[in-house]
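Below: the structure, in structure tokens.
All values reported here derive from a predicted model rather than from experimental measurement. Atoms within a ligand are numbered from 1 in the order they appear, just like the ligands themselves. For this chain, numbers begin at 1 and follow the sequence in order.
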Amino acid sequence: MERPHRWRLRHHPVCRRGKKVMIIILDGWGEQIPDDFNSINVAPTPTMDALKKTAPDRWRLVRAHGLSVGLPSDEDMGNSEVGHNALGAGRIFTQGAGLVDQALATGKLYEGAGFKYISSAFAQNTLHLMGLLSDGGVHSRLDQLLLLMKGCAERGAKRIRVHILLDGRDVAPGSAPKYIDILEKEFVDIRNMGCDACIASGGGRMAVTMDRYENDWGVVKIGWDAQVRGEAPHKFATAMEALKNLKEANPKLDDQYFPPFVIVGPDGNAEGPILDNDAVVSFNFRADRMVMAAKAFDLEEFDKFDRGVMPKIKYAGMLQYDADIELPKHYLVTPPLIEKTSGEYLVHNYVKSWACSETVKFGHVTFVWNGNRSGMFSSSLEKYVEIPSNKGIPFNDNPEMKAIAIAEKARDALLSGKFDHVRVNIANGDMVGHTGDFKATISACEAVDRAVKIMLDAVEEVKGIFLITADHGNAEDMVKRNAKTGEPILNSAGEPEVLTSHTCNPVPCIIGGPGLPKGVKFRTDLPNAGLANVAATFINFHGFEAPWDYEPTLIEYKED
Ligand SMILES: O=C(O)[C@H](O)COP(=O)(O)O
Ligand SMILES: [Mn+2]
Ligand SMILES: [Mn+2]
């Protein structure tokens, strides 16, 4: 029998109400053997090192990848979306990757309203598929694209144009040709089915289309020009030729930063501009880096850049990227419904929250934390602060990013006495880790440690409680490793191969502060606990028992 839902939480037997609680999410900060390729190990991090000495009572590891965060398998590394969903919701939900897998395997994807909408264009017009071309499994998956393409061809698509975004961030730098090759081979089968298919445009994900949280609309505009108008500074006959030529011109160019290019036919005309009555599908399942493009494709009123003459298209997302604003209106797979998150419970129990990050992670600690929900639950009990990220500077050129500014704002929020729950995301370990620049990532970790110190000093001053954790690993491993020996894999020049992606490593979870009741420590009966166990833990720190359906708390109380 289902229990009647109640928002009001019971009082915790040991933790008292009214304590100031600081939640610090270190983005991309995992635990890995402390060798020379672990930037966190190499960086001077005195504050984090001192905390580790409190293990096992107040420092432990939690799982942040695979099944623990709702991904299809334990081979899947964690990511910010699934990590922050689990942290904020206190439960594990099957995430976009798995939902798309299921919808394709069962054929349900082709029965939904979204597919019906786009397929009405199949007989006479072109189907455009746009998204991240890799098997990283964070934003999209190549096998899903191939299945979708085939499914569409089987169901009458006559002309398919694929607009590719090169990865090199969730997968190895320089791996783009491998994925293009697989795609090109699939086109042969598709053409044999009577469907004319090819790549129409491309570019690196960080330079073209996949900006997030409105950091730089220019990135979306250059994608728009290439995809919709068939206009880009570089034109080539094939994507492979584009990669070869652009790399020759700039050998340091990484996949993720490739400029936009358009594929042209022998007549010099673009192979696949988006025209009236065409169908367009963005095949990324993850929302954050597709929301901006989805707005450009889906909204009638749009003023972020000049779209030129807007073609009348049928646009659908692989998922709906923002259910609150119904963006996009049409989609192929229904996203996970993540309700009754910790933020909503805190509001119902009159806990005042303050959340902050810099632009590139702001949505993680607000929108994603709240179960992919826009806005606040209560404008009187919550405040969200965004610190503008640097624009136009590679993250490895300024590895300090905004860590100190966030920490100082969090310190001030805590000391102001106006908030019970102060929550931040410190982005450096992740954003700089993704560049693969080892030296810069060491500086990033050093800055993170300084930021943590500022916030912990404030917790000390208000006699509060802190909880530090991370959403997934990244900075702790900068090289690809032999799965069996753990040794770095060397390239032909004898150098370790760079790892730009996240990892499958666990992340630390650390509790403390003068407000933590004596005798509260980590329990030892949850060795496989994951990020979803964190919410119950900080709800306890606010003086409440967690909701009954949340993953169990990490703490217990033992009198000495
Ligand atoms: O979008 C990105 O930057 C990467 O694909 C994943 O990083 P994130 O999950 O930490 O955002
Ligand atoms: Mn992250
Ligand atoms: Mn990341």
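Counting only heavy atoms of the protein, atom 9 (O) of ligand 1 lies nearest to S80 N, 2.7 Å. The protein heavy-atom contact nearest to atom 2 (C) of ligand 1 is R205 NH2, 3.0 Å.
By the criterion of a heavy-atom distance under 4.0 Å, the side chain of D170, and not its backbone, is placed next to ligand 1. Contacts between M77 and ligand 1 below 4.0 angstrom, taking non-hydrogen atoms only, are absent altogether. The part of H364 lying near ligand 1 is the side chain, judged by heavy-atom distances below 4.0 Å.
Near H139, meaning under 4.0 Å from one of its heavy atoms, ligand 1 places the atoms 1 (O), 2 (C), 4 (C), 5 (O). Those atoms of ligand 1 with a heavy atom of K361 less than 4.0 angstrom away are 8 (P), 10 (O), 11 (O). For ligand 1, the atoms sitting less than 4.0 Å from at least one non-hydrogen atom of H502 are 6 (C), 7 (O), 8 (P), 9 (O), 10 (O), numbered in the order shown with element in parentheses. Each of the atoms 10 (O) of ligand 1 lies under 4.0 Å from some heavy atom of D27. Shown in contact with R289 at under 4.0 Å from a heavy atom are these atoms of ligand 1, numbered in order with element: 1 (O), 2 (C), 3 (O). In summary, the atoms of ligand 1 found under 4.0 Å from a heavy atom of N79, numbered by their order in the structure, are 9 (O).
Among the atoms of R212, some N or O lies under 3.5 angstrom from an N or O of ligand 1. Residue H434 places at least one N or O, backbone or side chain, under 3.5 Å from an N or O of ligand 1.
Ring orientation note: the planes of W224 and F297 are tilted relative to one another, at an angle of 30° to 60°.
One finds no salt bridge joining D167 and R169 here, because no Lys/Arg side-chain nitrogen approaches an Asp/Glu carboxylate oxygen to under 4.0 Å. Between R63 and D74 there is a salt bridge, with a side-chain nitrogen of the basic residue lying less than 4.0 Å from a carboxylate oxygen of the acidic one. Ion pair D35/R481 flagged as a salt bridge, since at least one NZ, NE, NH1 or NH2 atom sits closer than 4.0 Å to an Asp/Glu carboxylate oxygen. For the pair D27 and K361, the salt-bridge criterion is met [side-chain N within less than 4.0 Å of a carboxylate O]. The residues E31 and K52 are annotated as salt-bridged, a charged nitrogen and a carboxylate oxygen being separated by less than 4.0 angstrom.
Here the side chains of M455 and L414 are not in contact, with every heavy-atom distance at 4.5 Å or above. Put simply, the side chain of E358 does not reach to within 4.5 Å of the side chain of E386, judged on heavy atoms.
In this structure, H472 has a heavy atom closer than 4.0 Å to ligand 1. Residue contacts with ligand 1: M210 is excluded, as none of its non-hydrogen atoms falls under 4.0 Å.
Contact annotation: D27 places no N, O or S atom under 2.8 Å from the Mn ion (ligand 3). Here H502 meets the criterion, with an N, O or S atom under 2.8 Å of the Mn ion (ligand 3). Taking 2.8 Å as the criterion, H364 does not count as a coordinating residue of the Mn ion (ligand 2), since none of its N, O or S atoms falls below it.
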Please step through side chain to side chain contact (heavy atoms under 4.5 Å, CB included) for the pair I164 and L166, ending with a clear verdict. CA-CA 6 Å; I164 61 173; L166 312 178; 3.9 Å; yes
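The distance between the ring centers of Y345 and Y550 falls below 6.0 angstrom. A centroid separation of 6.0 Å or more is found between the aromatic rings of H84 and F367. A centroid separation of 6.0 Å or more is found between the aromatic rings of W369 and Y384.
The angle D471:OD2 - the Mn ion (ligand 2) - S80:OG amounts to 100°, with values rounded to 10 degrees.
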